[in-house]
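Count residues from 1 along the sequence. What you are looking at is a predicted structure, and each value in this text was computed from that prediction instead of being measured.
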Amino acid sequence: MQLRYLKVFKRKILLLILVIALIVVSSVTKGKTSVVLSTITGIILIVTAIYYIVWIMRTPTKKESDEAL
């Protein structure tokens, strides 16, 4: 991966690492800690999904003309 792409996606990569770590820790631990960590992971995943849905809706699309050649 080139360094410029790493700079652009640094926040997204850190979020992915955080979510993976929370899933692993919540599956290893027991009791209240597991419930709290899985709840936090779920909230983060829901917020991320909403962010991407809004991003997809706001991204402009290229319009092609319907003229016959």
Side-chain angles (χ1 to χ4, degrees):
M1 181 185 298
Q2 292 182 354
L3 188 60
R4 65 180 176 181
Y5 293 126
L6 183 63
K7 289 179 182 177
V8 171
F9 294 116
K10 183 170 73 172
R11 203 164 84 193
K12 292 175 180 41
I13 292 171
L14 290 176
L15 180 66
L16 179 66
I17 292 170
L18 174 69
V19 167
I20 291 171
L22 284 172
I23 290 171
V24 169
V25 172
S26 69
S27 65
V28 170
T29 59
K30 297 179 181 178
K32 195 172 187 177
T33 306
S34 175
V35 172
V36 169
L37 289 176
S38 62
T39 304
I40 291 172
T41 305
I43 291 170
I44 289 173
L45 289 174
I46 290 170
V47 169
T48 305
I50 292 171
Y51 170 77
Y52 279 112
I53 289 170
V54 169
W55 176 70
I56 289 171
M57 295 297 221
R58 296 178 83 191
T59 303
T61 57
K62 182 180 177 183
K63 295 187 179 190
E64 296 181 16
S65 61
D66 293 333
E67 299 174 12
L69 296 177

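Hydrophobic cluster membership for W55: Y51, Y52, I56 (Ile, Leu, Val, Met, Phe, Trp, Tyr linked by side-chain heavy atoms under 4.5 Å, directly or transitively). V19 belongs to a hydrophobic cluster whose remaining members, ordered by chain and number, are L15, L18, L22, I23, V25, V36, L37, I40, I44, L45; membership requires side-chain heavy atoms of ILVMFWY residues under 4.5 Å apart, directly or through intermediates.
Considering OG1 of T39 and CD1 of I43, their distance stands at 6.5 Å, rounded to 0.5 Å.
Scanning for side chain to side chain contact (heavy atoms under 4.5 Å, CB included) contacts around S38 gives S26, with sequence neighbours left out.
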